[in-house]
Amino acid sequence: MGKSISIVIKPVSAIEAVSTPCLVIPVFGEEKSTSLSSKCAKQLNSVCNGAVLALLKRGDITNSVDSMLLLPTVDQIKADRVLLVGCGTGKNLSEADFKKIVDKLVKQLKATKVKEATLLIDELSVKGRDKAWMIEQLSIKAGLIAYNYTETLSKPKPDTVLKKLTLGMNSSKALLTAAKQGQSIASGMNVARELGNLPGNICTPTYLANQAKALSRKHASLSTSIVEEKKMRELGMGSLLSVTAGTDQPAKLIVMNYQGTSKTVKPHALVGKGITFDSGGISLKPGAGMDEMKYDMCGAASVFGAINAIAELKLSINVVAVIAAAENMPSSNATKPGDVVTSMSGQTIEVLNTDAEGRLVLCDAISYAERFKPQSIIDIATLTGACVVALGKHASALYSNEDDFAETLLSASQEVGDKAWHMPLWDEYQAQLNTNFADMANIGGAGGGSVTAACFLSRFAKNMRWAHLDVAGTAWDSGANKGATGRPVALLTKYLINQSS
Ligand code: BES
Ligand code: MN
Ligand code: ZN
């Protein structure tokens with residue numbers, strides 16, 4: 001989990017004198033141009049007697065962002081290898097193109113199995129972004145490739161060999177900070193990915209509680225306490241307890257306290273949905289793809305990731321994390337459709353569908369978080385299939401009871417490239433939760449499923465500056481690249497970084 005790639009920023013000497021296992025050289029210019037615009041490509045070309053230009057003319061490398069060429073040996077220089085990387089226009093790149101370039105080059109470096117590489121990418125620029133932004137993005141991408149899932153493989157894949165990237169450019173405080181923040185964001189994302197990927201028979205609520213305790217042993221600024229079921233009962237958490245009724249795995253409310261500044265400063269609260277397996281309960285889900293409901297704790301995992309990142313960065317803020325960890329299973333003890341439960345807030349809930357369990361655990365966790373008098377509260381949850389229908393896998397759905405809070409989160413999201421989309425939380429939707437038998441139903445009927453789930457939660461956050469992120473579409477990938485993504489750790493961490501400065 002804790003693997004990372006270190007980043008060094010220092011100007012390099014003459015190109016032929018750079019001693020490195022792999023020298024990364026950008027090639028850019030007009031689309032089909034066969035002349036070199038990049039200064040370092042030109043330098044390399046002249047040291048190598050015109051070889052780079054010849055490759056460009058032959059089309060072995062082009063200026064396209066899809067193009068790349070690894071030269072395993074080059075006689076005239078000290079570097080063991082050269083990686084020529086097509087970088088489009090090079091200057092004023094779109095964010096998307098820059099990300100494509102970074103993505104392909106770090107993947108290639110990983111595949112080439114070099115320990116380190118030197119990147120001469122000082123000439124590149126991105127429209128509307130500064131060098132610090134570029135380095136943060138690069139640092140995140142590099143950190144992400146350090147992760148491999150191995151826990152349950154009898155023949156684990158070998159570790160990523162790449163350990164260090166040297167960026168050939170003048171260093172500055174801003175650039176070093178960007179590199180460091182990128183690294184912490186990536187390692188936080190890797191923490192979230194690992195927890196997400198672990199199967200439900202390993203990653204139980206108890207396992208998550210133990211991970212939280214382990215994390216607080218690692219950081220002096222962090223302390224963990226666990227609210228057990230007995231205490232939940234005393235607190236009146238009838239909603240959370242109704243979800244865990246059908247399983248033998250004890251539910252855990254995990255509370256992590258990060259203290260980075262004076263105790264008198266109000267904390268930011270993060271609340272995570274930690275359903276370690278969501279079978280749907282008595283409203284059982286269909287079999288196909290049900291395995292993916294091991295990912296139903298990815299909201300909680302992102303809270304672990306963000307806490308890990310801010311503890312590593314030693315941010316001068318206070319954060320309280322509350323994770324509602326439970327398993328949703330059918331049994332003769334399980335909650336049934338039509339059952340009415342009383343939440344910690346005193347509001348009663350008719351459980352019309354036991355598969356809408358996320359909001360049932362979150363509402364009590366939100367009420368619990370209120371006791372810390374947080375200055376803001378964000379819950380993160382793989383809450384609804386409807387969110388995936390609405391936004392697909394590219395953006396998390398963002399809801400808030402204060403528009404300026406949503407704006408603050410959106411700008412953090414844009415800054416770090418962890419996309420979110422502001423969704424409506426209009427009163428008109430609230431009526432969909434009406435029922436004759438309780439203060440509210442736990443489902444909102446046809447239409448706007450992600451919105452009505454957010455409406456449900458909003459009823460428990462009335463007195464707080466609250467936001468909700470539905471990450472059902474963004475927290476993991478399906479298909480060939482099946483795996484947890486680590487989102488929205490970057491968004492959360494960036495928000496907290498901005499709050500601390
Ligand atoms: N964990 C699921 C939401 C989910 C489903 C996330 C698929 C990602 C992919 C949640 O607990 C759930 O089952 N929601 C129901 C709510 C419905 C019963 C109102 C859903 O979305 O179908
Ligand atoms: Mn469910
Ligand atoms: Zn769920």
Side-chain angles (χ1 to χ4, degrees), residues 196-197 200 203 205 208 239-240 242-247 249 251 271-302 323-330 334-339 349-365 379-397 423 429 432-435 440-457 468-479 482-485 487-488:
N197 288 332
C203 185
L208 286 178
S239 185
L240 195 165
S242 77
V243 173
T244 195
T247 177
Q249 290 292 339
V271 175
K273 171 179 175 183
I275 299 295
T276 58
F277 187 73
D278 179 14
S279 70
I282 295 297
S283 312
L284 194 63
K285 286 182 180 294
M290 204 206 266
D291 64 285
E292 296 199 0
M293 284 297 111
K294 73 172 183 180
Y295 290 116
D296 212 17
M297 36 58 70
C298 281
S302 75
I323 286 164
E327 200 181 60
N328 186 22
M329 295 292 272
T335 299
K336 305 169 293 298
D339 287 0
I349 303 160
E350 186 184 22
V351 181
L352 289 178
N353 190 318
T354 63
D355 197 12
E357 85 298 338
R359 62 199 81 180
L360 295 175
V361 298
L362 285 171
C363 68
D364 281 342
D379 77 70
I380 307 97
T382 49
L383 203 61
T384 63
C387 178
V388 193
V389 175
L391 295 175
K393 56 183 265 173
H394 301 295
S396 305
M423 301 281 279
Y429 290 96
Q432 286 181 236
L433 298 172
N434 290 349
T435 164
M440 70 196 87
N442 79 325
I443 55 172
S450 177
V451 183
T452 52
C455 285
F456 180 97
L457 295 176
H468 157 62
L469 285 163
D470 193 337
V471 295
T474 52
W476 77 90
D477 278 328
S478 305
K482 188 160 161 184
T485 59
R487 292 178 68 182

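Counting convention: from 1, in listed order, for ligands and their atoms alike.
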Please find out if the Zn ion (ligand 3) and some N, O or S atom of Lys273 are separated by less than 2.8 Å. yes

Does the protein place a non-hydrogen atom closer than 4.0 angstrom to atom 14 (N) of ligand 1? yes

How far is atom 2 (C) of ligand 1 from its nearest protein heavy atom, and which residue and atom is that? Asp278 OD2, 3.6 Å

Identify which one of Leu208, Thr247, Asn328 satisfies the side chain to side chain contact (heavy atoms under 4.5 Å, CB included) criterion when paired with Thr276. Leu208

Using a distance threshold of 2.8 Å, state whether an N, O or S atom of Asp296 lies below it from the Mn ion (ligand 2). no

The atom of Asp278 among N, O or S that is nearest the Mn ion (ligand 2) is OD2

Check the pair Met423, Leu391 against side-chain contact (heavy atoms from CB on, under 4.5 Å), reporting the backbone distance first and the verdict last. CA-CA 10 Å; Met423 301 281 279; Leu391 295 175; 4.2 Å; yes

Would Ser242 and Leu360 count as a side-chain contact (heavy atoms from CB on, under 4.5 Å) if you check the C-alpha gap in whole Å, the side-chain angles of each, and the deciding distance to 0.1 Å? CA-CA 8 Å; Ser242 77; Leu360 295 175; 4.1 Å; yes

Name of whichever N/O/S atom of Asp278 is nearest to the Zn ion (ligand 3): OD2

Find all atoms of ligand 1 within a distance of less than 4.0 Å from any non-hydrogen atom belonging to Ala472, and give their numbers and elements. 6 (C), 8 (C)

What I want to check is whether the side chains of Thr452 and Gln432 have a donor and an acceptor closer together than 3.5 Å. no

Main chain of Thr335, side chain of Thr354: is a donor-acceptor contact present, judged purely on distance under 3.5 Å? no

Metal-centred angle, the Zn ion (ligand 3) as apex - OD2 of Asp296, OE2 of Glu357, 10° resolution: 100°

Please assess Asp291 against Lys482 for the test side-chain contact (heavy atoms from CB on, under 4.5 Å), listing each intermediate value before the final yes or no. CA-CA 11 Å; Asp291 64 285; Lys482 188 160 161 184; 2.6 Å; yes

re atom 18 (C) of ligand 1, the protein heavy-atom contact at minimum distance is Asn353 ND2, 3.4 Å

List ligand 1 atoms under 4.0 Å from Asp296, heavy atoms only on the residue side. 1 (N), 11 (O)

One finds that the ligand 1 atoms under 4.0 Å from a non-hydrogen atom of Glu357 are 11 (O)

Run the salt-bridge test on Lys273 and Asp379 with the 4.0 Å N-O cut-off and return the result as yes or no. no

How does Asp355 reach ligand 1, if at all, at less than 4.0 Å between non-hydrogen atoms: by side chain, backbone, both, or neither? both

Do Arg487 and Val471 touch side chain to side chain, with heavy atoms closer than 4.5 Å? no

Can you find an N/O atom of Thr384 closer than 3.5 Å to an N/O atom of ligand 1? no

Give a yes or no on whether the backbone of Asn353 and the side-chain of Asn442 come within a donor-acceptor separation of less than 3.5 Å. yes

Using heavy-atom distances, let me know which of Ala356, Gly385, Gly444, Ser478 sits nearest atom 20 (C) of ligand 1. Gly385

Rounded to 10°, how big is the angle at the Mn ion (ligand 2) from Asp355 OD1 to Glu357 OE1? 120°

side-chain contact (heavy atoms from CB on, under 4.5 Å) between His468 and Leu383: does it pass, once the steps are laid out? CA-CA 10 Å; His468 157 62; Leu383 203 61; 3.6 Å; yes

Which of these, Lys285, Met290, Met293, has its nearest heavy atom closest to atom 7 (C) of ligand 1? Met293

Option nearest atom 19 (C) of ligand 1 (shortest heavy-atom distance, choices Leu383, Asp470, Ile443): Ile443

Please write down residue, atom name and distance for the protein heavy atom closest to atom 16 (C) of ligand 1. Arg359 NH2, 3.9 Å

Looking only at heavy atoms, is any part of Lys273 under 4.0 Å from ligand 1, and if so is it the side chain, the backbone, or both, or is it neither? side chain

Does atom NZ of Lys393 have more than 12 heavy-atom neighbours from other groups under 6.0 Å away? no

Closer than 4.0 angstrom: is that true for some heavy atom of Trp476 and an atom of ligand 1? yes

Indicate whether any N or O donor in one side chain lies under 3.5 Å from an N or O acceptor in the other, for Thr474 and Ser396. yes

Any heavy atom of Glu292 sitting closer than 4.0 Å to ligand 1? no

If we ignore hydrogens and angles and just use 3.5 Å, is the side chain of Asp296 paired with the main-chain N or O of Met293 as donor and acceptor? no

